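Nothing here was measured: the structure is a model prediction, and the numbers come from that model. Note that ligands are numbered from 1 as they come in the structure, with each ligand's atoms numbered from 1 the same way.
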Amino acid sequence: MEIVPGIHEIDTIAARSYLVVGDHLTLIDTGMSGSSSKIRDYVKNIVKRDISDIKTIIITHHHFDHIGSLDKLKKLTKAKVAVHKDDADYISGEKSQEGPVFMKFMVKLFKIISRYKPVEPDIFLKDGDQMGEYQVIHTPGHTKGSICLYNPQNKTMFAGDNLKYVKGKIEGPGASLLPEPEKYKESMEKLVKLDIEVIFCGHTKPVTSHASEKLREYLKTL
Ligand SMILES: [Zn+2]
Ligand SMILES: [Zn+2]
């Protein structure tokens, strides 16, 4: 469904993907494997465009609930795949998850369930890069190469798994999903300086108004 003009949320298996509609389409995250047909049908039936209009796929971080359908979608669209350089090796299969045992276990499980096929990224992002109207903000903590994408014009931000929106409040990923809590706190302090109205989250419904205010409230709890 279209959340703000030109930005659609597509509920994929276990996560949420987003589509930014312009001359070209940009897809943010791909969901678990098995999500590609849902994304293709959404683009065709709701946005009335062809899947090949997706020219860029931006990955917020390397977890399998966000990249499970990347292999299929890259083949379907021939899009360029952009990911932060610190998460790139996990997507191409050169590295496997570091951090707490719980995370290693979850990622291994996802890998088996989703039969993940490695994908070679095309664009290696770093903090401050520009992707269309969006600025790349490096926000390590949940993973080393987690990013947010911020558009100062319409004050929207894609947060990946950095933030959740539950019962009117912003929350973080929870201790078991934060291998580097100190870095995470620094990352959140970066975000609080921005003027944000809307935040799109990787798993929950979006924050649709006064996001900066809600983010400041959340930061007090860290
Ligand atoms: Zn994650
Ligand atoms: Zn996730």
Could you identify the N, O or S atom of His203 positioned closest to the Zn ion (ligand 2)?
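The Zn ion (ligand 2) is closest to the His203 atom NE2, counting only N, O or S.
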Rounding to 10°, state the angle centred on the Zn ion (ligand 1) that links ND1 in His63 with NE2 in His142.
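Seen from the Zn ion (ligand 1), ND1 and NE2 are separated by roughly 90°.
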Could you identify the N, O or S atom of Asp161 positioned closest to the Zn ion (ligand 1)?
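Closest N, O or S atom of Asp161 to the Zn ion (ligand 1): OD2.
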Step by step, work out the salt bridge (Lys or Arg N to Asp or Glu O under 4.0 Å) result for Lys144 and Glu180.
CA-CA 8 Å; Lys144 286 182 186 307; Glu180 296 185 289; 3.7 Å; yes
Short check: any N/O/S atom of Asp65 below 2.8 Å from the Zn ion (ligand 1)?
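It does not: Asp65 brings no N, O or S atom closer than 2.8 Å to the Zn ion (ligand 1).
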Does any N, O or S atom of His61, backbone or side chain, fall under 2.8 Å from the Zn ion (ligand 1)?
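Yes, His61 qualifies, because one of its backbone or side-chain N, O or S atoms lies under 2.8 Å.
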Per the side-chain hydrogen bond (donor to acceptor under 3.5 Å, both in side chains) rule, which among Asp161, Thr143, Asp87 passes with His61?
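Between His61 and the candidates, side-chain hydrogen bond (donor to acceptor under 3.5 Å, both in side chains) is satisfied uniquely by Asp161.
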Salt bridge (Lys or Arg N to Asp or Glu O under 4.0 Å) for Asp127 and Lys190? Distances and angles first, verdict last.
CA-CA 11 Å; Asp127 190 59; Lys190 268 194 219 175; 3.6 Å; yes
Do the two ring centres, one from His142 and one from Tyr184, sit under 6.0 Å apart?
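Ring-ring flag for His142/Tyr184: false, centres at least 6.0 Å apart.
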Residue pair Lys44, Asp41: steps toward the salt bridge (Lys or Arg N to Asp or Glu O under 4.0 Å) verdict
CA-CA 5 Å; Lys44 189 176 160 207; Asp41 292 350; 6.0 Å; no
